[in-house]
Amino acid sequence: MAQLRKGKFPLNQTFFSLTLKEAAEYRHNLFTQIHEIVFHGNGGYDWHTVYNMPIWLRNFTFKKIQEYHEAKNKAAQGTSTNDMNRAKE
């Protein structure tokens, strides 16, 4: 007959859930993402709407806002470099 282990579950505890460290990191990333969408959404989103968004939609929205700001920063950086070069001439 097979022996049962007493006091130990045969599966790894993290098989169905996050460890404490992973859970803390996940929550930090989640709330950071929500903050960034609400803050950089220019009033288009409130906290509860973003929190209750489907994950795929929240990730899509975050990525689009991130791409927009990266492009804006890149354009501003190019402009300021060109202006500095012209001033030196």
Side-chain angles (χ1 to χ4, degrees):
M1 244 193 204
Q3 292 180 348
L4 295 175
R5 295 182 189 182
K6 293 184 180 180
K8 290 188 176 183
F9 193 72
L11 294 176
N12 188 355
Q13 186 177 10
T14 62
F15 184 77
F16 292 109
S17 64
L18 299 172
T19 63
L20 290 176
K21 183 178 179 182
E22 291 170 335
E25 184 178 336
Y26 178 82
R27 286 180 59 85
H28 179 269
N29 291 339
L30 170 68
F31 291 124
T32 299
Q33 189 178 50
I34 291 171
H35 172 267
E36 295 297 320
I37 293 172
V38 172
F39 185 79
H40 294 290
N42 296 325
Y45 299 100
D46 64 275
W47 193 91
H48 294 286
T49 301
V50 177
Y51 184 81
N52 292 318
M53 269 184 185
I55 294 171
W56 68 268
L57 182 58
R58 188 175 61 235
N59 288 335
F60 175 81
T61 304
F62 179 76
K63 185 177 177 183
K64 288 298 182 181
I65 290 173
Q66 188 176 30
E67 289 172 359
Y68 170 78
H69 284 286
E70 286 174 357
K72 188 176 175 182
N73 288 341
K74 187 180 243 185
Q77 185 180 23
T79 303
S80 63
T81 305
N82 292 338
D83 290 344
M84 288 175 57
N85 289 338
R86 287 185 202 147
K88 289 179 183 178
E89 295 175 353

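Please read all numbers here as calculations on a predicted model, not as lab measurements.
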Tabulate below the donor-acceptor pairs under 3.5 Å that side-chain atoms of residues 64-73 make, not counting sequence neighbours, or state none.
residue	atom	partner	partner atom	Å
N73	ND2	H69	O	3.3

Check: So which of Q33, H35, H40 actually passes side chain to side chain contact (heavy atoms under 4.5 Å, CB included) with I37?
Finding: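 It is Q33; the other options fail the test.
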
Notebook entry, point to check: Do Y26 and L20 belong together in a cluster built from hydrophobic side chains that touch within less than 4.5 Å?
Noted result: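 Result: no, two separate clusters.
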
Margin query: Could you see if L57 belongs to whatever hydrophobic cluster contains I55? Use Ile, Leu, Val, Met, Phe, Trp, Tyr and a side-chain cutoff under 4.5 Å.
Written below: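 L57 does not cluster with I55.
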
Margin query: For a quick test of reading the model, state the closest non-hydrogen atom pair linking V38 to Y45 and the distance between them.
Written below: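 Shortest heavy-atom contact: CG1-O, 3.8 Å.
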
Margin query: Holding to side chain to side chain contact (heavy atoms under 4.5 Å, CB included), I want the full list of residues that pass it with Y51, two or more places apart in sequence or in another chain.
Written below: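 Residues passing side chain to side chain contact (heavy atoms under 4.5 Å, CB included) with Y51: L30, F31, I34, W47.
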
